[in-house]
Amino acid sequence: MAVKNLEKTVLSALEKLEKLKLDEQLQAELSWCLGSYEYDQNPVGVIEKSSKALELLKSKREENARAVSKKLIEDLEKLVLN
């Protein structure tokens, strides 16, 4: 996944987690990992935390399909599965 796409996807996930008031600890960790990624270009932490965000957002989407967009879920899956 291209760097811009990775950053854009993670930022979108962070915004959605914040908007839905989900797991503040995960938000902080994901934000930190994104900053670390921007510094050293090592995506391991970002991908690990993104997979946790993906699980959380998927479960929220199952509760309410309008809460989380299908595109965000698909983008996170691309990020995590690559």
Side-chain angles (χ1 to χ4, degrees):
M1 176 173 266
V3 173
K4 287 291 181 192
N5 287 345
L6 180 141
E7 292 174 357
K8 183 179 175 185
T9 300
V10 172
L11 286 173
S12 295
L14 272 170
E15 289 173 8
K16 187 54 73 172
L17 288 170
E18 187 176 316
K19 183 177 180 184
L20 297 173
K21 296 178 176 39
L22 298 173
D23 200 341
E24 290 181 12
Q25 178 69 31
L26 179 59
Q27 291 176 43
E29 291 171 354
L30 190 54
S31 181
W32 186 89
C33 287
L34 183 59
S36 175
Y37 170 75
E38 290 171 355
Y39 176 75
D40 64 12
Q41 298 298 303
N42 184 348
V44 174
V46 173
I47 292 170
E48 180 183 324
K49 297 302 176 185
S50 293
S51 69
K52 291 180 181 180
L54 174 62
E55 291 174 23
L56 192 57
L57 292 171
K58 270 186 170 179
S59 68
K60 193 65 176 178
R61 182 171 168 79
E62 287 174 9
E63 292 173 20
N64 179 0
R66 295 181 139 203
V68 180
S69 73
K70 183 178 177 183
K71 181 172 179 1
L72 178 57
I73 299 293
E74 290 171 350
D75 288 348
L76 279 170
E77 286 175 337
K78 286 179 193 173
L79 172 67
V80 171
L81 298 176
N82 285 337

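These numbers come from a predicted model, not from an experiment.
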Item checked: Min side-chain heavy-atom separation Arg66-Arg61 under 4.5 Å -> no
Check: Looking only at heavy atoms, what is the nearest atom pair of Val68 and Leu57, with distance?
Finding: CG2-O, 3.8 Å
Notebook entry, point to check: Where the side chain of Lys19 meets the backbone of Ala67, is there a donor-acceptor pair that is under 3.5 Å apart?
Noted result: no
Notebook entry, point to check: Looking only at heavy atoms, which two atoms of Asn42 and Asp40 are closest? And how far apart?
Noted result: N-OD1, 2.9 Å
Notebook entry, point to check: Mind checking whether Tyr37 and Glu7 have side chains closer than 4.5 Å, heavy atoms only?
Noted result: yes
Notebook entry, point to check: Once you round to the nearest 0.5 Å, how far does CD1 of Ile47 lie from CG of Leu76?
Noted result: 11.5 Å
Item checked: Connected via hydrophobic side-chain network under 4.5 Å: Leu26 and Leu20 -> yes
Note to self: Nearest 0.5 Å, please: how far is NZ in Lys16 from NZ in Lys60?
What the structure shows: 10.5 Å
Check: Can you name the nearest heavy-atom pair linking Ala53 to Leu17, along with the distance?
Finding: CB-CD1, 4.0 Å
Check: Is there a chain of hydrophobic side chains (I, L, V, M, F, W, Y, each step under 4.5 Å between heavy atoms) that links Leu11 to Leu54?
Finding: yes
Check: Hey, does Lys58 have a side-chain heavy atom less than 4.5 Å from the side chain of Glu77?
Finding: yes
Note to self: Could you report the tightest heavy-atom contact between Leu6 and Pro43, atom names first, then the distance?
What the structure shows: CD1-CB, 4.4 Å
Check: At what distance, to the nearest 0.5 angstrom, does OG of Ser51 lie from CG of Leu81?
Finding: 9.5 Å
Note to self: Between Ser36 (side chain only) and Trp32 (backbone N and O only), is there a donor and an acceptor less than 3.5 Å apart?
What the structure shows: no
Item checked: 4.5 Å side-chain heavy-atom contact, Leu79 and Val10 -> yes
Margin query: I'd like to know whether CD of Glu38 has more than 12 heavy-atom contacts from other residues, nucleotides or ligands below 6.0 angstrom.
Written below: yes
Item checked: Separation of Leu14 CG from Ser31 OG (nearest 0.5 Å) -> 5.5 Å
Checklist line | Donor-acceptor contact below 3.5 Å, side chain Gln27 vs main chain Leu22 | finding: yes
Note to self: Looking at every heavy atom in both Ser12 and Leu72, which two are closest together, and how far apart are they?
What the structure shows: CB-CD1, 3.8 Å
Margin query: Using a 6.0 Å cut-off, check whether atom CD of Glu24 has over 12 heavy atoms from anything other than its own residue.
Written below: no
